[in-house]
There are 2 protein chains.
Amino acid sequence: MKQAPSPTIQPVDSQPSRTSMQQRAVDAIRDLIVQGELPPGCRLQEQALSDYLGISRTPIREAFRALAAEGLVVIKPRRGAMVREMDLDELSDTFQVIASLDALAGELAAVHATGLEVERVASLHERMVESYQQGDMLEYFKLNQAIHRQIAASSRNPVLERQLQALNAQVQPYRFDINNVSENWRRSIADHEIMLEALRARDGARLHAVLRNHLPDKLFLLNKLRELRTSGRRRRIA
Amino acid sequence: MKQAPSPTIQPVDSQPSRTSMQQRAVDAIRDLIVQGELPPGCRLQEQALSDYLGISRTPIREAFRALAAEGLVVIKPRRGAMVREMDLDELSDTFQVIASLDALAGELAAVHATGLEVERVASLHERMVESYQQGDMLEYFKLNQAIHRQIAASSRNPVLERQLQALNAQVQPYRFDINNVSENWRRSIADHEIMLEALRARDGARLHAVLRNHLPDKLFLLNKLRELRTSGRRRRIA
DNA sequence: CTATCGGAATTTGCTTGCAAATTACAGTTG
DNA sequence: CAACTGTAATTTGCAAGCAAATTCCGATAG
C-alpha cells in the first residue's frame, strides 16, 4: 500500500496528462498563426520552427498535419507547409458557414442556456457597449467574440461548438485587417441588443434569424477590403 | 528548347503531384475507417498498420494526427490512437449540424445550381426511387448520399462542401447500423420529392426548410438504436 | 478463488540520420 | 543586359533506433 490513491479505481482519463512535445508544437504554432505572428502565406520551415520551439522536426511535422486538417495550414508535397491564405471568396464562404452555425447555436442556446449563462451574455454585452463608446476596438472585438463563444457553449452541442471554434480560428488572422474598417459598429451593436433580448425571451427563432444575418464585422466589410486591395493579386497565370 | 511546355510560365501547382507515403497512409486508413473495416473504438497500433500498409511508422503517425483533426480518430497521449467512438449524443449533435449545413447548401444550390446540375439531381432521385421500390438498400443509400453531395457541390461554397464531407465521414461508420432499421423510407422519399420540386422551382427557402428537418435516416432512427443497445455499454467505472 | 503486486514485453514519443527533391545561385551565352 | 543551364545548398520525406511509459501476464498473498 505504498501509494494507493483511491480505494477503487483511479479515473485515468480525468487529467489531460502533461503536454507532449507534439501537443505543445500544435498549440504554439496555432497561436502564432491565429495571433498573426505567422501571417497567411508565410512559409513554415521545419528546421526553423524546430529551432525556435526547441522541439525536433518530427513532432513539428506532425503538428503541421494536424493544423492542415484544421484548415490553418496548407501542405504541398515536397514543397513544405505554409500558413493558409484565404482569398476573399474563401473568406466570404467561411463567414457564410459561420453565420449559419451561429444561428443554429443561438436557436439551441435559447432553449438550453441556463439563467446564469444568459446573465453572463448580458454582462459581456454591457461591457462590449462600453468598449464601443470608449472606442476601445480591441476590447470590443474580444468581448464580441466572447459573446459568440458563450452562445456556442450554451447550445449544449459540443460538436457544433467545436466546428465554430475551428472556423473562427481560420478567419481570425483576417479579423485584424477588418477591424481597421470600422463603420457599422452601430448595426452590430443593434443586432446584439436584439440577440440579448431574444435570448432572454427564449425566442429561438428570433435569435436564429438575427444571427443568420448578423455578419457583424464580416461580409459587410469584405467589399471594403475588396476595394482596398486590387493590387495584392494572386499569381494569375495570364 | 528541350521541354518548354508553355512560352510564359508553367502552372506549377496544377498537378497534385504523386502521392507521398503519408498521403497514402491517410487515405488508406480513412477508407478502412469509413468502410467499417476498422470499427469505432478499434485501436490503431502504429506497428500493425505500418506492417499492413508497408509504410514505416513515421508517416503512419503523421496520418493519425491528420485523421484526429478530421474527427475520425482520437489520440490519447502515450496510449495510442483509436477509431473515434461516438455515443448517441454525439451522433445526434453531429446530425444536427449536418442538417443545418445541408439546409444552407440547399438554399445556395437553389440559387447557383446549373440546369444540368438540377437534372443530375433529378436523375439520381429517379434511380433512388427505383432502388427503393426494388428494396435495394445499399444502392438506395448510395444514391441518397450522392444527391446530398450534388446539392453541396451546387452550393458553390467549397468551404461548406468540405465541412459537410468531413462531418458525413464521421457518421459514416454508423450509417450501416442505421440502415438495418429501415422504416421511414417513405418519409425520406417524400422529403426528397419536395426537395427536387423546390430545387426546380429555385425556391431556396423551401429547400432550406425541408433539409433542415429532413433527417432522412438520421435522428429518427437513433431512438431505435438506443433501444437496441442498452447492452453494449461503455466501461462505466461505477 | 479473487484480488493485488511485480516484472517482462509491448508500444509510444522523440531524436538522429540519410536519400531524394526542390530551390537558390552563379557562370555562361545569345 | 537578360535569359538559360548546371551545380551547390537547403529542405522535405522517410526510416531506423533508443528511452520512457504503459500494458500484459504470471506469481503471490489474503
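Naming: A, B, ... by sequence-line order, numbering from 1 per chain.
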Could you encode protein contacts along nucleotides 11-19 of chain D as a string, one character per nucleotide from 5' to 3', using B for base contact, S for sugar-phosphate-only contact and - for no contact, with a heavy-atom cut-off of under 4.0 Å?
SBBSBBB--

Does A/Arg84 form a side-chain contact (heavy atoms from CB on, under 4.5 Å) with A/Glu90? I'd like the steps, not just the answer.
CA-CA 11 Å; A/Arg84 180 173 168 202; A/Glu90 278 177 306; 3.3 Å; yes

Just do the side-chain contact (heavy atoms from CB on, under 4.5 Å) check on B/Gln163 and A/Leu167 with the steps written out, would you?
CA-CA 10 Å; B/Gln163 294 287 317; A/Leu167 289 168; 3.6 Å; yes

Step-by-step side-chain contact (heavy atoms from CB on, under 4.5 Å) determination, B/His214 to B/Asp102:
CA-CA 9 Å; B/His214 178 42; B/Asp102 261 343; 6.0 Å; no

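Only one option out of A/Val74, A/Val83, A/Val73, A/Ile75 pairs with A/Leu67 in a side chain to side chain contact (heavy atoms under 4.5 Å, CB included); it is A/Val73.
Under a 3.5 Å cut-off, the side chain of B/Asn168 and the backbone N or O of B/Leu164 do form a donor-acceptor pair.
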Are there any protein N/O atoms within less than 3.5 Å of an N/O atom in nucleotides 7-9 of chain C, and if so, which ones and at what distance?
none

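Ionic pairing of A/Glu161 and A/Arg149 is not present here: no N-O contact between side-chain nitrogen and carboxylate oxygen is shorter than 4.0 angstrom.
Between B/Arg156 and A/Asp93, the shortest heavy-atom distance links the atoms O-OD2, 4.2 Å.
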